[in-house]
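One structure is given below, encoded as structure tokens.
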Amino acid sequence: MKNIKLSGLAFGLFIASFFGNYSILSAQKIKKEITIQKTITKEYLTSNLTKNKAYYTKGKVADYIPELGKMQADKIAFSVVNADGRIISVGDINQKFTIQSISKIIALMVAVKENGEEKVFKKMGYFGTDKPFNHFANLDTNGKPLNPMMNAGAILTTSLISGEKDLPYQKILEMIRFITKNPSIDINSSVYNSEKETGHKNRGMFYIMKNSGLIDGNEDKLDNYFRQCSIEITAEDLAKIGYFFANHCTRFDGDKTYFNIEMSKLIESQMLTAGMYEFSGEYARQVGLPSKSGVGGGITVAVPNKKIGIGVFSPSLDEHGNSLAGYHMILDLVNQYKLGLFD
Ligand code: DON
């Protein structure tokens with residue numbers, strides 16, 4: 001009788017441990033599947049790009065700067081720097097294009113590093129906007145630009161970087177080369193000349209701010225803004241820039257020369273509230289990540305909660321001046337991997 005009881009107990013223990021181990025194993029398997037799903041793959045980026053490429057037919061390549069209009073509309077590239085610094089890129093990954101307004105976040109970083117945040121933001125606001133990027137908003141009313149992402153604030157920001165002639169531009173260029181670890185990055189002189197020849201609205205803003213005493217100096221200061229917009233990069237460079245700000249100003253290879261939590265919080269908050277101009281609010285609702293666009297067709301995205309950087313390129317733009325296919329690629333990626341700040 002005692003033996004029967006003991007063997008019953010042993011059998012019970014065997015069954016419990018079998019199912020116990022089985023459930024641990026299945027939990028591990030499920031966890032592994034979730035982990036695999038969270039790693040962004042090249043296959044996924046390719047299918048995402050293929051799905052969204054046709055959006056280029058629904059937008060328009062910027063031609064208000066004539067040289068930009070020469071870009072082939074169907075070029076497209078997608079790049080991600082994962083949390084461990086691993087880079088995945090698909091599409092026209094060697095295609096260079098001008099950084100345009102994305103340079104504004106780097107100029108802001110350099111200006112704040114030199115002057116401090118308080119001094120810079122005494123001259124401009126932290127406001128969002130319902131106006132296009134080249135609007136004179138606020139200059140005629142309270143005299144101060146709305147924020148450093150719209151042209152007026154960006155021109156002012158660059159004018160606050162110290163140095164004669166093109167030195168402020170050189171500082172911005174060097175910072176972009178550092179962040180991307182890409183010393184071959186340089187200016188596209190034809191785009192620069194085209195910006196300079198046709199940038200009369202920007203010139204108007206420059207002189208209004210000079211008139212009100214916000215800007216001190218001659219047109220060399222404005223030229224630096226035209227130069228910074230004309231720097232040529234790739235989608236991969238943009239993913240590295242996104243990674244840098246998502247990781248408190250740590251480079252994708254782990255270099256912490258510029259490590260600065262407050263700086264990344266400032267830049268990312270500007271990207272979130274004004275980086276996509278008048279589309280920023282709707283973009284925050286749909287994508288929910290700090291992003292910065294440029295009329296060259298690039299968008300850089302910082303994913304601070306997952307420590308990832310995203311870079312996209314497709315030169316055909318929507319009515320706000322943001323890359324149309326680029327936006328849809330970002331949106332699908334964010335939904336697929338639940339990358340949004342509010343997910
Ligand atoms: O000031 C301009 O017109 C251009 N160089 C930069 C504008 C820009 O990229 C706006 N972004 N979408």
Side-chain angles (χ1 to χ4, degrees), residues 59-71 96-108 128-137 139 145-159 169 172-173 176 187-209 215 219 221-233 237-238 241 270-280 282-283 290-301 311-327 330:
K60 196 174 175 301
V61 176
D63 58 5
Y64 75 99
I65 298 165
E67 208 47 41
L68 290 184
K70 293 183 180 167
M71 180 59 79
K96 289 182 184 173
F97 52 94
T98 51
I99 189 167
Q100 294 297 336
S101 283
I102 302 165
S103 64
K104 293 168 181 173
I105 56 176
I106 310 297
L108 180 61
T129 183
D130 63 345
K131 306 280 189 301
F133 62 86
N134 56 1
H135 199 274
F136 281 71
L139 286 187
L146 283 175
N147 59 57
M149 298 293 105
M150 289 169 75
N151 287 9
I155 292 165
L156 177 54
T157 300
T158 297
S159 82
Y169 153 74
I172 296 168
L173 176 64
I176 294 172
I187 197 166
N188 178 323
S189 301
S190 315
V191 173
Y192 165 61
N193 289 326
S194 196
E195 297 247 2
K196 197 171 149 82
E197 274 163 27
T198 57
H200 306 307
K201 205 165 173 185
N202 287 332
R203 198 162 281 113
M205 289 176 199
F206 174 83
Y207 279 107
I208 289 178
M209 290 187 283
I215 288 183
E219 263 195 49
K221 302 261 181 198
L222 176 64
D223 282 349
N224 285 317
Y225 170 76
F226 291 140
R227 285 192 184 95
Q228 74 182 59
C229 288
S230 310
I231 292 170
E232 272 192 323
I233 36 103
D237 295 322
L238 288 183
I241 292 172
Q270 276 302 307
M271 291 165 76
L272 190 68
T273 53
M276 308 296 282
Y277 308 108
E278 71 275 31
F279 188 55
S280 299
E282 194 176 334
Y283 184 90
S291 304
K292 184 75 206 81
S293 66
V295 290
I299 306 176
T300 182
V301 185
V312 296
F313 165 65
S314 168
S316 185
L317 310 177
D318 65 13
E319 68 271 31
H320 314 290
N322 302 321
S323 171
L324 194 54
Y327 164 66
I330 293 165

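All residue numbers refer to positions in the sequence shown, counting from 1. Counting starts at 1 for both ligands and their atoms, following the listed order.
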F133, any N or O under 3.5 Å of ligand 1 N or O: no
Shortest protein heavy-atom distance from atom 6 (C) of ligand 1, along with the residue and atom involved: Q100 OE1, 3.2 Å
Region of I102 engaging ligand 1 - heavy atom pairs below 4.0 Å: neither
Proximity to ligand 1 by part of S101, non-hydrogen separation under 4.0 Å: both
Side chain, backbone, both or neither: F226 near ligand 1, heavy atoms under 4.0 Å: neither
Ligand 1 atoms in contact with G294 (distance to a heavy atom under 4.0 Å): 9 (O), 11 (N), 12 (N)
Proximal atoms of ligand 1 relative to E195 (non-hydrogen, under 4.0 Å): 4 (C), 5 (N)
Interatomic spacing from OH in Y192 to OH in Y169 - rounded to 0.5 Å: 9.5 Å
Closest protein heavy atom (residue, atom, distance) for atom 2 (C) of ligand 1: Y64 OH, 3.3 Å
Backbone of N322 reached by a side-chain donor or acceptor of S293 within 3.5 Å: no
Heteroatom proximity flag, H320 to ligand 1, N/O under 3.5 Å: no
Check ion pair R227-E195 (N to O, under 4.0 angstrom): no
C229-ligand 1 polar pair, N/O distance under 3.5 Å: no
Donor-acceptor under 3.5 Å (D63 side chain, P66 main chain): no
Location of contacts on N151 toward ligand 1, heavy atoms closer than 4.0 Å: side chain
Protein heavy atom at shortest distance from atom 1 (O) of ligand 1: Y225 OH, 2.7 Å
Proximity flag N202 to ligand 1, non-hydrogen atoms under 4.0 Å: yes
